[in-house]
Q: 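One structure follows; several queries about it will come next.
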Amino acid sequence: MIILLFLTAGLVFGSTCEVKYFFKDRERGWFWKNVCIEEENRKEEKEKKKEYEIVRIPWDKLDGMKPSEIRKLREKVLEIAVSNPTYENVKELYRLHVYMLKRARKFQEMATLVAMTDPEVSAYGGVIPVSKMGRDIYFGIKRENIYRKILSYKDRAGLLIAVTETCPYCKAFKRIVDLYLIPETGWSVKYVDINENPGFARNLGIRSVPDIFLVVMDEKPFVMRIGTGYMAYDMLLERIYRGLEVYERGGLE
């Protein structure tokens, strides 16, 4: 009798079904196997539904759908295609991608037409030429303006550069400054090792090096960070130029 009870308990509690159905079903009581069968059927139906889930795109309605609706549709299609990557599902996903690209191309073509024909938009877009020769001329003129402004400040402005002895980027950036900036502009530059001057780093909130600061001598010295990390010479000149513009406007405020 004891062995029979143990076998019965093993059948009930050793079942792959969830035990909660057995305890909640007082009407059927010990007919636990019916609950198991129902639970297994539910699992099989769920797996079958997942296995045979297919992408369905309403192609005849896409033209009337809003872009936000198409994006939501694309997310749903992508989820189905990744979960069930059949040939048809993936093909439909990519066909939808092509459709979206075609719509985007139509917008781009119209945007190009507007930029070409509207006087206000065309004037703004023509500030930077499209052709290489035109762009070279534009940036050449811009570089001359940058140099002119920087040279005008050589007697009352300079750079403070936070460095460390072991920083390879500091050494590379120092070569850029010593070989190009100082000889070409006459600016004064001071390198400050933050390991030897921790108070300097603390006061200016320095967290990484090289950290570059523009300093303009005035009644009250103007100090502004213009960049952190290694940067090319042209970028350094542009950052100095932007910093001087901010100074001339009265500061960041």
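Any value given below was found using the heavy atoms of this structure, including those in side chains, with hydrogens, waters and symmetry copies removed. These figures come from a predicted structure and were not determined experimentally.
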Q: Is the backbone N or O of I80 less than 3.5 Å from a side-chain atom of N84, with the two atoms forming a donor-acceptor pair by type?
A: no
Q: Where the side chain of N89 meets the backbone of S83, is there a donor-acceptor pair that is under 3.5 Å apart?
A: no
Q: Between R95 and E92, is the closest basic N to carboxylate O distance under 4.0 Å?
A: yes
Q: Quick one: does D118's side chain have a donor or acceptor within less than 3.5 Å of a partner on V114's backbone?
A: no
Q: Transitively linked via ILVMFWY side-chain contacts under 4.5 Å: V209 with Y191?
A: no
Q: Can you tell if the side chain of I161 reaches within under 4.5 Å of the side chain of V177, non-hydrogen atoms only?
A: yes
Q: Are side-chain heavy atoms of E165 and E196 found at a separation under 4.5 Å?
A: no
Q: Decide whether M224 and V189 are clustered together by the hydrophobic rule: side chain heavy atoms of Ile, Leu, Val, Met, Phe, Trp, Tyr closer than 4.5 Å, transitively.
A: yes
Q: Evaluate the side-chain proximity of I226 to R242: yes if any heavy-atom separation is below 4.5 Å, no if none is.
A: no
Q: Assigning hydrophobic clusters by single linkage (Ile, Leu, Val, Met, Phe, Trp, Tyr; side-chain heavy-atom cutoff under 4.5 Å), is V215 placed with I206?
A: yes
Q: Just how far is it from atom CD1 of I182 to atom NZ of K174, taken to the nearest 0.5 Å?
A: 7.5 Å
Q: State, without any angle test, whether D63 and Y99 hold a side-chain donor-acceptor pair at a distance under 3.5 Å.
A: yes
Q: Should Y241 and Y247 be counted in the same cluster of Ile, Leu, Val, Met, Phe, Trp and Tyr side chains packed under 4.5 Å apart?
A: yes
Q: Could you please spell out the steps behind the salt bridge (charged side-chain N to carboxylate O under 4.0 Å, His left out) verdict for K106 and E109?
A: CA-CA 5 Å; K106 289 181 180 179; E109 289 173 352; over 6 Å; no
Q: Under a 3.5 Å distance rule, please check whether R103 uses its side chain to pair with a backbone N or O of P67 as donor and acceptor.
A: no
Q: Are E245 and K149 close enough for a salt bridge, meaning some N to O gap below 4.0 Å?
A: no
Q: State the OG1-CG distance between T185 and L236, to the nearest 0.5 angstrom.
A: 9.0 Å
Q: Would you call K91 and E88 a salt bridge, using N to O less than 4.0 angstrom?
A: yes
Q: Y233: what forms a side-chain hydrogen bond (donor to acceptor under 3.5 Å, both in side chains) with it, not counting sequence neighbours?
A: Y147, E184
Q: Under 4.5 Å between any side-chain heavy atoms of I240 and Y153, yes or no?
A: no
